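Okay, structure first, notes after.
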Amino acid sequence: MGFATTAIHSGQEPEATTGAVTVPIYQTSTYAQEGLGKHKGYGKHKGYEYARTQNPTRAALEKNLAALEGAKYGFAFASGMAAIDATLRLVKAGEHVVVSDNTYGGTFRLFSRVLTNYNLEFDFVDTSNVLNVEAAIKPNTRMVFLETPTNPVMIVTDLRAVSEVAHRAGARVVCDNTFMSPYLQRPLEFGVDIVVHSTTKYLNGHSDGIGGVVVLNNEEDAAWIGFIQNSAGAILSPFDSWLVMRGTKTLALRMEQHDKSGRAVAAFLEEHPRVKKVYYPGSAAHPQHALASRQQRGFGGMVAFDVGSLAAARTVLESVRLCTLAESLGGVETLISHPATMTHASVDRHKREQLGITDGLVRISVGLEDTEDIIGDIDQALSRI
Ligand code: P1T
């Protein structure tokens, strides 16, 4: 089945009791048991005993998202960060993780300020060069954690090359696929072991819920992620699961339009005299343009650009009328943000500047409004610099 068909049907068979076409929101905390120790056989649904452990709405979403990434197992969490945190529970004290040096600021914060307290070791390297990954691997490396393209400077990593190097060393590869969605990139097809998403973004697509997901094929790792999901309990609620499922039904259509407008916005910015640099893998000038063209089905709606100073960035961010100044991305509305003081404030200034997250950097999540309206708004804001 094609992607759009899978998105609409996988996990979403009509409900058994009434034939409801849309998966119901099972808003319950528990399930009646037939007798002591006889909960497993109750009714048509087997195995439902307590709603932290199992919920049919969440199970439907997990099946749907696993299918979209071409995975066997999916686990939905209360946020993207909760999904990433659960994934890191595959690594034990004394073990080492190699991480893309540019990730979402919250991922960097979790790894460098929280998980290091539990004797997990991290090295942050530019994973766009596979030799850096190879050089960072140590005897105790158990995971390579990638973001591609990265948030916000859109660095692209070769998923196949890094997976080969990591697997030779006995390490799992995790890819945060939030910026692309499974419509534009399917990391498991390149040898990646585990995909994580903030479903808050493109998968939900409507800026109305926070969530996360982990999908994978390895049975043993999946059993452990499921065990963590139940033991630590950072589950996605039935209503939020339902919202994400509603989102994925239109994912293919939405991503086509995000991609189309993203390319147009990037091309417009590249020609603009007030813009010093554009970060977009769809641009022929992007250092990994050829790789992005092979590995991705499109380039998506995330574009970053540098206007040279904090004052100029402030002018743009405060002059837009259609675009909304806000954190987050992947929704129907165009969002504009300032990574240095917003999403990446937890990365120190020196490191930010090394990565290109300067005070003049502006990030746009190109939404689904008419392309001309989005460009017109950015144009009038830039003209005020
Ligand atoms: O916000 P949450 O659902 O917990 O997801 C965290 C997260 C994980 N991975 C990536 C690539 C992300 O971009 C995010 C969240 N990002 C933003 C809020 C942002 O504006 O970039």
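Counting begins at 1 with the first residue of the sequence. We count ligands from 1, going down the list as the structure has it; atoms in each ligand are counted the same way. Keep in mind that this is a model prediction, so the values were computed, not measured.
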Contact between ligand 1 and [X] is defined here as a heavy atom of the residue under 4.0 Å from a ligand atom; is it met?
X    : result
M342 : no
G106 : no
A83  : no

Pull out every atom of ligand 1 sitting under 4.0 Å from any heavy atom of [X], numbered as shown with elements.
X    : answer
G80  : 2 (P), 3 (O), 4 (O), 5 (O)
T178 : 9 (N), 10 (C), 11 (C)
E147 : 11 (C)
G211 : 3 (O)
S79  : 3 (O), 4 (O)

[atom]: the protein heavy-atom neighbour that sits closest, reported with distance to 0.1 Å:
atom                    : result
atom 7 (C) of ligand 1  : Y104 CD2, 3.4 Å
atom 9 (N) of ligand 1  : D176 OD2, 2.7 Å
atom 20 (O) of ligand 1 : S328 N, 2.7 Å
atom 13 (O) of ligand 1 : N151 ND2, 3.1 Å
atom 1 (O) of ligand 1  : K201 NZ, 3.9 Å
atom 19 (C) of ligand 1 : T343 CG2, 3.3 Å

Counting only nitrogen or oxygen atoms and a 3.5 angstrom limit, does [X] reach ligand 1?
X    : answer
L329 : no
F179 : no
R363 : yes
T200 : yes

Would [X] and [Y] show up in the same hydrophobic cluster when neighbours are defined by side-chain heavy atoms closer than 4.5 Å?
X    : Y    : answer
V303 : I378 : yes
V173 : L188 : yes
V265 : F305 : yes
L310 : V320 : no

Checking N119 now: which residues fulfil side-chain contact (heavy atoms from CB on, under 4.5 Å) with it, not counting sequence neighbours?
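Only A93 meet the side-chain contact (heavy atoms from CB on, under 4.5 Å) criterion with N119.
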Separation of T315 OG1 from R274 CZ (nearest 0.5 Å):
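So the gap between those two atoms works out to 10.5 Å.
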Taking the ring centre of each residue, are F111 and F145 less than 6.0 Å apart?
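Between F145 and F111, which both carry aromatic rings, the centre distance is below 6.0 Å.
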Other residues, nucleotides, ligands: >12 heavy atoms within 6.0 Å of K260 NZ
no
Would you say T18 and E15 are linked by a side-chain donor-acceptor pair, where the criterion is simply a distance under 3.5 Å?
yes
Qualifying side chain to side chain donor-acceptor pair (under 3.5 Å) pairs with a residue from residues 63-73, counting only residues at least two apart or across chains:
N64-T248, E69-N177, E69-H197
Taking the basic N atoms (NZ, or NE/NH1/NH2) and the acidic carboxylate oxygens, is any pair closer than 4.0 Å for R168 and E164?
no
